Amino acid sequence: MTDWKTITVERRDRVGLITLNRPDALNALNLELMRELVAAASDLDADTGIGAIVITGAGKAFAAGADIKEMVDNDYVEMYAADWFSGWSRFTAVRTPIIAAVSGYALGGGCELAMMCDIIIAGDTAKFGQPEIKLGVIPGMGGSQRLTRAIGKARAMDLILTGRTMDAVEAERAGLVSRVVPADAVLDEAMSTAATIGSLSLPITMMAKEVVNAAYETMLESGIRFERRVFHATFATEDQKEGMSAFVEKRDPEFKNR
Ligand SMILES: CC(C)(O)CC(=O)SCCNC(=O)CCNC(=O)[C@H](O)C(C)(C)COP(=O)(O)OP(=O)(O)OC[C@H]1O[C@@H](n2cnc3c(N)ncnc32)[C@H](O)[C@@H]1OP(=O)(O)O
């Protein structure tokens, strides 16, 4: 599918770049955008020529949340019957590493989308928050769970119960964001980080993503056992032989993604 209406998709070498493209609505995540973003990310995930994905927003926001105008008149039965937001499960099933390049607002569903990515790189204009409480609702795309795991209960409660936003510096200090750069450099920084990841072995970066994510879902002992098993599995790949041989032979590795 190439005639996207709410996003743009580019392939640059081994990096897929998805830009949320509803700037007039601060990239609010309506159902169409969710469907397109999930489909594009799944397409890129299925493309073995792509080693990393970057998601960013056009204009002055990453995304200002789920589309309030689309939901305002819904009732409980409509939300439940449509299982509103369940489509995001396909996004979190993407195995290719994903970087969120965030400038401006990442609020509500926008913050939740960033947290579904594997690395968040923030521009110094970024503002993160879960302001749903001010709308008479609570986070619904995983924010209460992922934010609490990312920054701890005390800070998550502060943000979710007050609806206040935090700037990029506070977000980095809290551990939500891996680095902060000037806003006009955030996309370049994300793309070059994605290029670094894309130059490595794709099956191995996928395994690394999977074991880190397991830390969210399992107890420590079973997570460590899972990591050890996946570590053993890396020895079934040609890229393990290549990576370790290259070190021993004092040369750069040439990964085959096999
Ligand atoms: C997924 C869940 C379950 O967790 C729930 C959610 O995500 S609910 C949404 C949470 N997000 C918010 O509550 C933020 C809403 N937006 C704002 O508070 C403000 O827009 C702002 C502070 C981010 C920026 O303010 P400002 O610069 O003054 O711009 P605006 O004039 O307000 O916005 C421009 C334009 O965008 C539309 N817009 C903004 N956010 C949304 C949204 N979440 N849904 C739908 N539309 C949105 C806004 O209405 C404006 O459009 P027009 O009305 O002028 O056509």
Side-chain angles (χ1 to χ4, degrees), residues 5-8 18-38 41 55-94 98 100-117 120 122-151 153 155-171 174 176-177 183 186 216:
K5 294 187 174 60
T6 61
I7 61 172
T8 61
I18 303 176
T19 304
L20 311 181
N21 199 17
R22 297 185 71 208
D24 293 346
L26 302 183
N27 302 319
L29 306 167
N30 62 10
L31 290 181
E32 185 174 32
L33 190 150
M34 178 188 75
R35 275 192 287 268
E36 291 196 347
L37 174 56
V38 170
I55 298 182
T56 194
K60 71 173 185 177
F62 177 72
D67 193 318
I68 300 165
K69 294 168 190 169
E70 192 175 54
M71 293 185 289
V72 58
D73 292 323
N74 286 2
D75 62 24
Y76 167 72
V77 173
E78 285 166 317
M79 297 302 275
Y80 182 77
D83 202 3
W84 210 267
F85 298 140
S86 59
W88 289 108
S89 301
R90 268 186 73 209
F91 183 83
T92 54
V94 168
I98 306 178
V102 177
S103 295
Y105 297 111
L107 301 180
C111 186
E112 291 168 304
L113 171 60
M115 290 190 290
M116 286 180 221
C117 299
I120 303 176
D124 53 11
T125 58
K127 286 198 188 318
F128 297 88
Q130 299 289 158
E132 291 88 348
I133 205 92
K134 297 192 213 167
L135 299 169
V137 293
I138 63 169
M141 281 168 48
S144 63
Q145 306 303 300
R146 291 198 178 90
L147 189 65
T148 305
R149 283 166 166 78
I151 68 175
K153 176 181 168 182
R155 287 187 172 106
M157 283 288 192
D158 178 11
L159 289 168
I160 290 172
L161 290 177
T162 66
R164 77 174 181 87
T165 59
M166 62 178 168
D167 65 18
V169 171
E170 184 182 355
L176 181 66
V177 155
V186 70
Y216 278 94

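Every number for a ligand or one of its atoms is a count from 1 in the order of the listing. By convention here, the first residue in the shown sequence is residue 1. All of these numbers come straight from a predicted model, not from anything done at the bench.
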Donor-acceptor contact below 3.5 Å, side chain Thr56 vs main chain Ala101: yes
Option among Asn27, Thr6, Asp67 that satisfies the side chain to side chain donor-acceptor pair (under 3.5 Å) test with Arg22: Asp67
Greater than 12 external heavy atoms within 6.0 Å of Met157's CE: no
Which atom pairs, one a donor and one an acceptor, fall under 3.5 Å between side chains of residues 132-147 and the rest of the protein, sequence neighbours left out?
| from | atom 1 | to | atom 2 | distance (Å) |
| --- | --- | --- | --- | --- |
| Glu132 | OE1 | Gln130 | NE2 | 3.3 |
| Glu132 | OE2 | Gln130 | NE2 | 3.0 |

Nearest non-hydrogen partners of Ile55 and Phe62, listed with the distance: O-CE1, 3.6 Å
Taking every non-hydrogen atom, the tightest pair across Gly104 and Thr125: N-OG1, 3.2 Å
Neighbouring residues of ligand 1, heavy-atom cut-off under 4.0 Å: Asp24, Ala25, Leu26, Ala28, Lys60, Ala64, Gly65, Ala66, Asp67, Ile68, Lys69, Phe85, Tyr105, Leu107, Gly108, Gly109, Glu112, Pro131, Glu132, Leu135, Ile138, Pro139, Gly140, Met141
